[in-house]
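Numbering starts at 1 and runs along the sequence shown.
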Amino acid sequence: MKNLTLKPKLLASLMMMSLPLSVIADDTLKAINAEGNSHIESAQLVSKTGIPKADRLVSYKHNGIALENNQGKTLSLLKGHFGSIDHRQLKQGLLLATVDLDRQQAMLTVLNDGSEKWTATTYLPKPAFKIEGVCLYQDEAQNGFLFLVGEQGQGEQWLVADATSPIALPQLIRHLSTPPDSEYCQVDDAQSRLYINEEKVGIWAYDAHPEAELSRFPIAMTHPFGQLTKSAVGMAIVPGGLLVLDAKANVLHTYIDNKGSWQHQSEFALHNVLEPEGISARVEGEQLEIAIKHDAGIALYLTMDAYIADIAPAYPAG
């Protein structure tokens with residue numbers, strides 16, 4: 001692991017911590033489900049602008065999806081057997097997209113900000129492929145779109161909501177040709193950019209606009225074309241960049257978008273996190289919070305006093 005050098009704003013805050021910089025992501029992790037009585041399928045930090053008491057959405061195997069506070073207390077529970085999750089804030093409430101594993105269908109529902117109850121549940125027609133990942137996208141007009149990706153190199157994009165609430169009848173916008181062995185995706189709304197993983201290859205980027213050409217370019221690749229040792233098991237979008245989990249090396253990589261030219265910026269050792277499987281990030285003011293799901297089914301998070309994209313390596317990446 002390389003030593004790190006940091007920009008003045010971030011360096012000043014980290015010096016106060018007196019932590020070894022190469023393992024800062026490891027030493028500041030906190031458990032958010034210490035008991036681990038339920039297996040966590042996935043977890044996502046939520047913005048506190050919609051429901052101030054809420055901290056995260058957690059999908060538990062066979063138990064459902066829980067909206068929890070920062071102490072792990074369940075605020076609302078959506079019962080069922082669900083897989084991949086994603087969310088966006090609408091005027092009506094929190095829009096949740098997931099996969100109902102029993103029905104093998106994508107599902108949408110809204111958590112009303114006032115009542116904290118799940119309403120307006122909608123199922124999309126079952127596609128011709130097994131859904132591995134779902135991700136939401138809001139365009140400049142705040143129209144909501146849902147991407148479905150599958151391992152067979154197939155995908156779909158649906159119009160599912162306006163700025164206020166889900167639409168009554170979701171519309172299939174286009175079929176997608178995606179990388180084989182894709183398992184998850186994320187969308188950067190501000191950049192209108194869709195990221196999709198390809199197992200043992202890396203992360204690809206596409207234009208998320210429904211009328212855009214379906215061309216791709218690489219972001220984070222495995223050796224010998226990039227820094228990942230085997231495969232990217234999770235990614236999270238941060239302002240101006242992307243966080244990527246490398247499970248084989250137990251490393252968190254950061255990539256930045258420098259005017260359209262993507263660069264590997266830095267990396268953090270995760271010595272005490274066994275087999276990381278997923279990541280979520282949230283920016284609140286000048287704080288960046290990261291949730292990591294690992295093999296024990298326990299999600300962890302760290303807090304830093306500035307954007308991780310401000311971190312630069314002391315030596316050239318590679």
Could you give the distance from [atom1] ([X]) to [atom2] ([Y]), rounded to the nearest 0.5 Å?
X	Y	atom1	atom2	value
L242	H264	CG	NE2	11.0 Å
L57	L45	CG	CG	9.5 Å
D162	Q142	CG	CD	10.0 Å
H175	L214	NE2	CG	12.5 Å
K53	D55	NZ	CG	13.5 Å

Task: Residues E277 and K293 bridged, charged N to O under 4.0 Å - done: yes
Does any N or O in the side chain of [X] come within less than 3.5 Å of the main-chain N or O of [Y], such that one atom is a donor and the other an acceptor?
X	Y	value
Y195	I203	no
D139	N143	yes
T98	I85	no
T254	S266	yes
E156	L148	no
T222	K230	no
Q265	G241	no
S182	N197	yes

- [ ] Would you list the pairs meeting disulfide (SG to SG under 2.5 Å) in which at least one residue belongs to residues 156-209, sequence neighbours left out?
- [x]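 Found C135-C185.
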TODO: Grab the two heavy atoms, one from A232 and one from L228, that are nearest each other, plus how far apart they are.
DONE: CB-CD1, 3.7 Å
TODO: Quick one: closest heavy-atom pair of I167 and P170, and the distance?
DONE: CD1-CA, 3.8 Å
Considering residues at least two apart in sequence or located in another chain, which fulfil the side-chain hydrogen bond (donor to acceptor under 3.5 Å, both in side chains) criterion with [X]?
X	value
D246	T229
D181	none
T121	T109
T74	none

Open item on the list: Walk me through whether T122 and M107 qualify under side chain to side chain contact (heavy atoms under 4.5 Å, CB included).
Closed with: CA-CA 6 Å; T122 302; M107 188 189 85; over 6 Å; no
Task: Pairs involving residues 70-92, ordered by first then second residue, that meet salt bridge (charged side-chain N to carboxylate O under 4.0 Å, His left out) (sequence neighbours left out) - done: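 Counting only pairs at least two positions apart or across chains, the salt bridge (charged side-chain N to carboxylate O under 4.0 Å, His left out) contacts touching residues 70-92 are D86-R88, R88-D189.
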TODO: Give every residue pair that meets the salt bridge (charged side-chain N to carboxylate O under 4.0 Å, His left out) criterion with at least one member in residues 191-206, sequence neighbours excluded.
DONE: R193-D257, E198-R216
Open item on the list: Starting from L77 and following side-chain heavy-atom contacts under 4.5 Å between hydrophobic residues (I, L, V, M, F, W, Y), which residues can be reached?
Closed with: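 Direct or chained contacts put L77 with none.
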Task: Other ILVMFWY residues reachable from L169 by side-chain steps of under 4.5 Å - done: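 Noted: L169 shares its cluster with no other residue.
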- [ ] Kindly determine whether K126 and Q104 satisfy side chain to side chain contact (heavy atoms under 4.5 Å, CB included), including the steps that lead there.
- [x] CA-CA 7 Å; K126 188 175 181 178; Q104 285 299 310; 3.8 Å; yes
Would you say [X] and [Y] are hydrophobically clustered, going by side-chain heavy atoms of ILVMFWY under 4.5 Å?
X	Y	answer
V187	V238	no
L96	L146	no
Y60	L78	no
V110	I51	no
L194	F217	no

Summary of ring pair (Phe, Tyr, Trp, His ring centres under 6.0 Å) pairs that have at least one residue in [range], sequence neighbours excluded:
range	value
residues 141-171	Y137-F145
residues 108-136	none
residues 63-113	H62-H81

Open item on the list: Let's go through R56 and E68 carefully: what are the C-alpha distance in whole Å and the side-chain angles of both, what is the deciding distance for salt bridge (charged side-chain N to carboxylate O under 4.0 Å, His left out) to 0.1 Å, and is it a yes or a no?
Closed with: CA-CA 5 Å; R56 56 189 175 267; E68 300 177 348; 3.0 Å; yes
- [ ] Please lay out, stage by stage, how Q92 and T119 fare under the test side chain to side chain contact (heavy atoms under 4.5 Å, CB included).
- [x] CA-CA 10 Å; Q92 179 182 332; T119 61; 4.0 Å; yes
With the side chain counted from C-beta on, respond yes when [X] and [Y] share a heavy-atom pair under 4.5 Å apart, and no when they do not.
X	Y	answer
Y184	S84	no
L243	M235	no
I219	V244	no

Task: CA sep, side-chain torsions, deciding dist, call: I131, V149, side chain to side chain contact (heavy atoms under 4.5 Å, CB included) - done: CA-CA 6 Å; I131 304 171; V149 298; over 6 Å; no
